[in-house]
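Just below is one structure, and these are the notes that go with it.
This one's a predicted model, so the numbers in the text were calculated from it and none came from an experiment. Numbered from 1 within each chain, the chains take letters A, B, ... in sequence-line order. Heavy-atom basis, side chains included; hydrogens, waters and symmetry copies ignored.
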Amino acid sequence: MSKLQPVRGTSDLLPVDMAGHRFVVDNARNASAQYGFQEMATPIFEFTEVFSKPLGTSSDVVTKETYSFEDRGGERITLRPENTAGVVRAMISGGLTQSLPLKFFYAGPMFRYERPQKGRMRQFHQIGIEYLGPTDALADAEIIACGARVLADIGVLDKCVLHLNSLGDTESRLAYRAALVDYLGGHEAALSDDSKQRLAVNPLRILDSKDAGDRAIIADAPRLQDHLNDQSKAHFATLTAALDAASIAWKFDPLLVRGLDYYCHTAFEFITDALGAQGTVLGGGRYDGLSEMLGGPAIAGVGWAGGIERLAMLAAGGMVAVPQLAVVAADNDSDQHAFKLAEQLRDAGFSVDLPTAGNMGKKMKKLDKAGINIAVIMGGDEVERGVVQLRNLSDGSQDEVARDALVSALSSIISHAGNNVDQ
RNA sequence: GCGGGUGUAGCUCAGUCGGUUAGAGCGCCAGUUUGUGGCACUGGAGGUCGCCGGUUCAAUCCCGGUCACUCGCCCCA
């Protein structure tokens with residue numbers, strides 16, 4: 001192909017792609033607004049510490065996946081690989097900790113230096129919500145319910161399974177981690193190479209290894225749920241009771257873990273099998289330790305992020321809006337009249353296209369291909385007589401209408417529900 | 001970062017056991033129709049066969065590298 005190609009792992013959002021993208025974002029924005037989440041945005045780059053401090057050196061996201069560079073002023077900058085840290089940073093920076101709780105919705109690009117695959121890009125886009133302040137498990141339930149509603153609204157909930165686990169609070173998790181390392185240490189030689197690395201760096205990750213040998217060892221490993229203290233158990237029980245009450249189906253997944261240190265209690269992912277290896281379509285959890293790790297006050301938080309590209313691939317929807325009608329000049333001398341009429345119709349609230357190239361046959365052909373169903377045709381004769389030809393391209397009918405009566409005539413045949421859409 | 005597959009027209013793909021002008025369908029443009037689209041017919045444009053190098057009298061085809069896409073690992077959205 002041409003040498004003029006986008007950078008690896010990036011892609012253009014042409015109108016047809018943008019339609020699916022907007023379909024996801026618009027629905028997510030509306031659904032989260034039903035729960036009181038308000039839209040905000042943070043910069044797409046931050047000082048590197050915003051990500052390196054909370055994510056830690058053990059995380060793949062930081063060690064090998066970030067786009068980091070030094071700017072002209074010598075500052076170390078990182079393109080955001082996710083948005084939770086940025087949102088929490090914004091909360092601290094903006095002094096918003098005085099008005100808890102906070103409910104935020106965001107949508108925007110994220111950047112990870114990964115090997116691209118289907119559903120995995122170096123620049124990709126996420127929607128997400130963050131609920132800052134509450135420690136109660138009902139907050140966890142509410143954000144999961146919100147996530148389920150987003151998926152339902154775009155028509156993909158029935159293609160996903162909600163996997164749910166509890167990591168417990170810090171005390172529980174540290175106790176479990178010690179037990180797990182103790183057990184796995186006895187089997188180290190039999191572990192896969194990847195898992196040998198993880199044993200030192202991030203042992204919980206071994207739990208969801210896909211290696212067959214690892215899985216055999218894991219089968220007899222100590223279980224996370226056996227190490228939850230009473231408070232952690234209560235948190236999880238409250239959450240699951242709330243989900244059950246709302247008829248939100250979930251599946252307990254004891255192997256679902258999050259690598260990052262600030263995660264605690266709830267971890268969940270909506271997973272589909274329709275997208276190959278990139279099955280997680282929306283995932284998140286509780287991150288009570290994050291604010292403190294960033295140097296702010298101890299403020300709890302729960303949230304999730306969803307991959308817009310992955311969601312758009314699952315969703316059939318996505319409509320490209322096209323104008324409702326077009327004004328066609330039948331001859332060159334009528335161009336100015338057609339232009340003026342198009343403006344008048346736009347003043348009246350219609351979406352109007354005005355084809356300008358070629359003879360009348362070409363213009364009509366363009367309308368047809370664009371999916372425009374109504375043509376207002378005017379030539380010298382019509383201008384003189386103060387009328388237009390109103391042609392319906394769907395059924396081929398055509399009527400002469402007085403210009404004074406055009407707006408009301410159009411109003412009766414074009415629904416005012418909104419833009420005409422066609423895909 | 002690791003392993004496998006693929007790369008021929010805008011799109012989906014044939015094809016050349018290495019040999020003169022590389023094909024099809026769809027799409028695009030034009031005409032049949034100089035005030036009327038869809039259908040049909042006719043014609044046309046469009047490819048350095050991803051890129052660089054090697055072997056060869058000769059490479060789109062074989063070999064190496066590279067880039068991109070793709071499948072899996074890793075990790076996650």
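For the residue pair A:Gln389 / A:Glu382, a side-chain donor-acceptor distance below 3.5 Å is found, with atom types taken as modelled. With hydrogens and angles left out, the side-chain atoms of A:His235 and A:Asp140 include a donor and acceptor closer than 3.5 Å. Of the N and O atoms on the side chains of A:Asp335 and A:Thr356, not one donor lies less than 3.5 Å from an acceptor on the other residue. Checked by atom type, the side-chain pair A:Gln123/A:Thr10 shows no donor-acceptor distance below 3.5 Å. A:Ser172 and A:Ser232 are linked by a side-chain donor-acceptor pair at a separation below 3.5 angstrom, with hydrogens and angles left out of the test. Using modelled atom types, one finds a donor on one side chain and an acceptor on the other under 3.5 Å when comparing A:Glu130 with A:Thr84.
Salt bridge A:Asp381/A:Arg385: present, at least one basic N to carboxylate O contact under 4.0 Å. Between A:Arg29 and A:Asp26 there is a salt bridge, with a side-chain nitrogen of the basic residue lying less than 4.0 Å from a carboxylate oxygen of the acidic one.
Distance, A:Arg122 CZ to B:C67 C1': 12 Å, rounded to whole Å. As a whole-Å value, the separation of A:Glu114 CD from B:C2 P is 15 Å. Separating the OH atom of A:Tyr113 from the P atom of B:C2 is a distance of 11 Å, rounded to the nearest angstrom. Rounded to whole angstrom, the span from the CD atom of A:Glu269 across to the P atom of B:A77 amounts to 7 Å. One can place NZ of A:Lys118 at 14 Å from P of B:C69, the figure rounded to the nearest angstrom. Here the P atom of nucleotide B:U34 and the NZ atom of A:Lys365 are 14 Å apart, to the nearest Å. Remark: P of B:G35 and CD1 of A:Ile377 are 13 Å apart, rounded to the nearest angstrom. What separates CE of A:Met364 from P of B:U33 is a distance of 18 Å, to the nearest Å.
Pairing of B:G31, defined by two Watson-Crick or G-U wobble distances under 3.5 Å, is identified with B:C41. Across all strands shown, the partner of B:C2 is B:G72, judged by Watson-Crick or G-U wobble contacts whose two distances both fall under 3.5 Å.
No contact: A:Leu311 has no heavy atom under 4.0 Å from any strand. As judged by a 4.0 angstrom heavy-atom cut-off over every strand, A:Gly284 is placed among residues making no nucleic acid contact. At a threshold of 4.0 angstrom between heavy atoms, the contacts of A:Gln389 include nucleobase atoms, whether or not backbone atoms are also involved. Residue A:Gly119 is in base contact, counting any heavy-atom pair closer than 4.0 Å across all strands shown. Across all strands, A:Glu382 comes closer than 4.0 Å to base atoms (heavy-atom distances). Note on A:Met110: nothing from the nucleic acid sits closer than 4.0 angstrom, heavy atoms only.
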Set out, line by line, the N/O atom pairs under 3.5 Å between protein and nucleotides 3-6 of chain B.
| from | atom 1 | to | atom 2 | distance (Å) |
| --- | --- | --- | --- | --- |
| B:G3 | O6 | A:Arg115 | NH2 | 2.9 |

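A sub-4.0 Å separation between OP1 or OP2 of B:U33 and a side-chain N or O of A:Lys362 is absent. A:Arg8 has a side-chain polar atom (N or O) that falls below the 4.0 Å cut-off from OP1 or OP2 of B:A68. In terms of phosphate contacts, A:Lys366 brings a side-chain nitrogen or oxygen within less than 4.0 Å of OP1 or OP2 of B:C29. Considering only side-chain N and O atoms, A:Gln117 lies nowhere under 4.0 angstrom from the phosphate OP1 or OP2 of B:C69.
When the C1' atom is used for both B:C51 and B:G7, the distance is 11 Å, rounded to whole Å. A distance of about 11 Å separates the P atoms of B:G65 and B:G3, rounded to the whole Å. Annotation: B:A22 and B:G50 have their P atoms spaced 15 Å apart (nearest Å). For the P atom pair drawn from B:C67 and B:U55, the interatomic distance equals 23 Å after rounding to whole Å. For the C1' atoms, the distance from B:G18 to B:A59 is 6 Å, rounded to whole Å.
At a cut-off of 3.5 angstrom, counting only N and O atoms as typed in the model, there is no donor on one side facing an acceptor on the other between the side-chain of A:Arg120 and the base of B:A77. Between the base of B:G38 and the side chain of A:Asp368 there is no donor-acceptor pair shorter than 3.5 Å.
A 4.5 Å side-chain heavy-atom check between A:Pro101 and A:Leu132 finds every atom pair outside the cut-off.
Taking a 6.0 Å sphere around CZ of A:Phe252, one finds it holds more than 12 heavy atoms contributed by other residues, nucleotides or ligands. Heavy-atom contacts from other residues, nucleotides or ligands closer than 6.0 Å to CZ of A:Arg22 number 12 or fewer.
Listed by residue number, there are no residues of residues 36-44 of chain A with a heavy-atom contact under 4.0 Å to RNA chain B. Residues from residues 392-400 of chain A that place a heavy atom under 4.0 Å from any atom of RNA chain B, listed by number: A:Leu393, A:Ser394, A:Gly396, A:Gln398.
Nearest-nucleotide assignment on RNA chain B puts the 5′-proximal partner with A:Asp381, out of A:Asp381 and A:Gly279. Toward the 5' end of RNA chain B, the nearer of the two residues A:Gln126 and A:Gly361, judged by each one's closest nucleotide, is A:Gly361.
Relative ring orientation between A:Phe111 and A:Tyr67 is described as perpendicular, the plane-to-plane angle rising above 60° on a 0-90° scale split at 30° and 60°. Ring pair A:Tyr183/A:His187 is tilted by interplanar angle, where 30° to 60° counts as tilted.
In this structure, A:Arg80 fails the cation-pi test against A:Phe45, since its NZ or CZ atom is not both closer than 6.0 Å to the six-membered ring centre and inside 45 degrees of the ring normal.
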